[in-house]
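This report concerns only the one structure given below.
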Amino acid sequence: MHPRGLFVSLSAIVSEATSISTSEAVDREARIGLSSAPKTLSPWLFYDEAGSRLFEEITELPEYYLTRTERSIFAAHAEEILREAASSHGPHPSGKLTLIELGAGTATKTGILLAEAVRQQGSVVYQPVDVSETALAEASENILTNIPGVTVRCQVADYTREALPLDRLPNTRTLALYIGSSIGNFTPEDAREVLRNLRAQLLPGDTLLLGTDLVPSAHKTEATLLAAYDDAAGVTASFNLNVLTRLNRDLGADFDVESFGHKVLWNPGESRIEMHLESLIAQSVQLPASDGGTALVFDFARGETIHTENSYKFTSDAVASLLAAASFKVTRSWHDPQCLFAVTLATAL
Ligand code: AVI
C-alpha cells in the first residue's frame with residue numbers, strides 16, 4: 001500500500017501524480033518534503049524492494065502485534081463475518097459475495113476469509129487490487145494452490161490515485177476488504193477520501209471490512225504501542241532509514257545514513273504514532289539537479305527530524321464516525337481479548 005499526502009491533500013496528489021513516473025515522483029517528493037518546515041517524506045517511499053521485504057519482516061516481529069492479532073480475529077470470527085456480510089440488506093438482489101481487497105499485497109491473512117466464503121457459498125471470486133504485480137502474482141499462486149473454489153482476478157492499480165477497478169458480476173454483492181490498519185497511514189481527511197472513493201464504487205447493501213489498530217486502553221499500554229514501532233531487533237529502524245538509502249540510490253543524494261536515527265513517538269492529541277528520522281549531528285545533505293529542479297542543499301540542525309510516517313490509532317467511536325463520513329454504517333465489530341486491534345464490518349448506505 002502506498003499512503004500518500006502526509007500533509008498534502010490526497011486529491012491534489014491524485015490529480016498531479018497520475019502522469020509522472022516513479023522516479024519523478026520520488027524526486028518531487030524529496031524536493032517538496034525536505035524543503036518544508038518541518039521536513040517530511042511521504043511513507044509511500046518506504047516501499048521499494050528492500051523496504052517491502054523489511055515490512056514483511058516487521059509483520060512477523062514479536063512486538064508488532066497488529067498482523068497476528070488481526071489474523072486471530074479472522075480465525076475466530078470468519079464464519080460470523082461472512083454470514084453478516086452475506087445477509088446485509090440492500091435494494092439490489094442478494095447473491096454470492098465477491099471479495100475485493102484494497103492494497104492486497106501477498107494477501108496472507110485473506111486466505112482465512114476466502115476459505116470460509118468457499119465453505120458458505122461453494123465458490124468465491126476474489127479481486128485483489130495492488131500496485132505491485134509481483135505481490136499479486138504471489139497472492140494468486142498461494143490462494144490457487146491452497147484454497148480450491150476461489151477464482152482470482154488480480155487488478156494492478158493504485159487505489160489511492162485511480163478509481164477502483166471493480167469488476168461487478170451479475171447477481172453478486174461485494175465485500176470490500178481494507179485490512180491491516182492500512183487506513184491508519186492516512187490523515188483523517190485523506191482516510192475519509194479513500195473510503196468515499198471506495199463507497200462510490202459500491203452499491204447500497206455491499207459491505208466493507210475495515211481493520212484498525214486501537215488506542216491505548218486499560219489492557220493496552222502506550223509501551224506496547226511504542227514497541228511495535230521500535231522493535232528490539234531494529235527492523236523498523238532499518239525500514240525507516242531505508243528511505244534515505246533509497247534517496248541516495250534513486251536521486252544521487254548524499255545522506256550519511258549512519259548519522260540519522262530512528263525516532264518514534266506517541267502523539268496523544270492526534271491519536272497517532274509518528275515515525276521520524278532524527279539527525280544525530282548538524283549536517284548538510286546535497287540533492288543533485290534533475291529534470292525536476294536545480295541542485296539543492298538541505299541543512300539539518302542536531303536533533304532536527306524528518307517526519308516519515310503517521311500511524312493513526314482509533315477508538316470504536318472514531319471508526320464509526322470515519323465510516324459514517326463515507327456513507328457506511330457499522331454492522332458489527334470484533335476485537336481481540338486485549339483490545340489491541342479491531343475489525344469492523346460496515347454496510348454501504
Ligand atoms: C502499513 N502500515 C499499516 C504499517 C503501520 O503499522 O502503520 C506501516 C509500519 N510502519 C512501521 N511499522 C509498520
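- A side-chain donor from one of Ser311 and Tyr229 sits under 3.5 Å from a side-chain acceptor of the other.
- From Phe341, atom CZ reaches atom CG of Leu214 across 7.5 Å, with rounding to the nearest 0.5 Å.
- Residues Asp231 and Thr236 have side chains that bring a donor and an acceptor to within less than 3.5 angstrom of each other.
- Remark: Arg153 pairs with Val125, Gln127, Asp167, Leu169 by the side chain to side chain contact (heavy atoms under 4.5 Å, CB included) rule, at least two apart or across chains.
- Counted by atom type alone, Glu84 and Thr331 present zero donor-acceptor pairs between their side chains at under 3.5 Å.
- Screening residues 284-296 for side chain to side chain donor-acceptor pair (under 3.5 Å), with sequence neighbours left out, gives Asp27-Ser290, Arg31-Ser290, Ser284-Asp299.
- Note that the CD atom of Gln338 and the NE2 atom of His219 stand 8.5 Å from one another [nearest 0.5 Å].
- The side chain to side chain contact (heavy atoms under 4.5 Å, CB included) check on Val330 picks up Ala320, Leu323, Thr344, with sequence neighbours excluded.
- Phe239 is not listed as a side-chain neighbour of Ser52, based on a closest heavy-atom distance of 4.5 Å or more.
- Ion pairing of Asp213 with Lys220 is present here, as a side-chain N (NZ or NE/NH1/NH2) and a carboxylate O approach within less than 4.0 Å.
- Contact check on Asp206 versus Arg173 returns no salt bridge, with no Lys/Arg side-chain nitrogen under 4.0 Å from an Asp/Glu carboxylate oxygen.
- The main-chain N or O of Asn267 is never found under 3.5 Å from a side-chain atom of Glu274 such that the two would form a donor-acceptor pair.
- A donor atom on one side chain and an acceptor atom on the other are not found under 3.5 Å apart for Thr69 and Ser72.
- Salt-bridge formation is detected for the pair Glu116/Arg119: a Lys NZ or Arg NE/NH1/NH2 atom is positioned less than 4.0 Å from an Asp or Glu carboxylate oxygen.
- Side chain of Glu63 to main chain of Ala232: a donor-acceptor pair is present (N/O by atom type, distance under 3.5 Å, no hydrogens or angles).
- Between Phe255 and Phe260, the gap from one ring centroid to the other is short of 6.0 Å.
- A donor-acceptor distance shorter than 3.5 angstrom exists from the side chain of Ser36 to the backbone of Ile32, with no hydrogens or angles considered.
- Judged by distance alone, the side chain of Glu24 and the main-chain N or O of Ser21 form a donor-acceptor pair under 3.5 Å.
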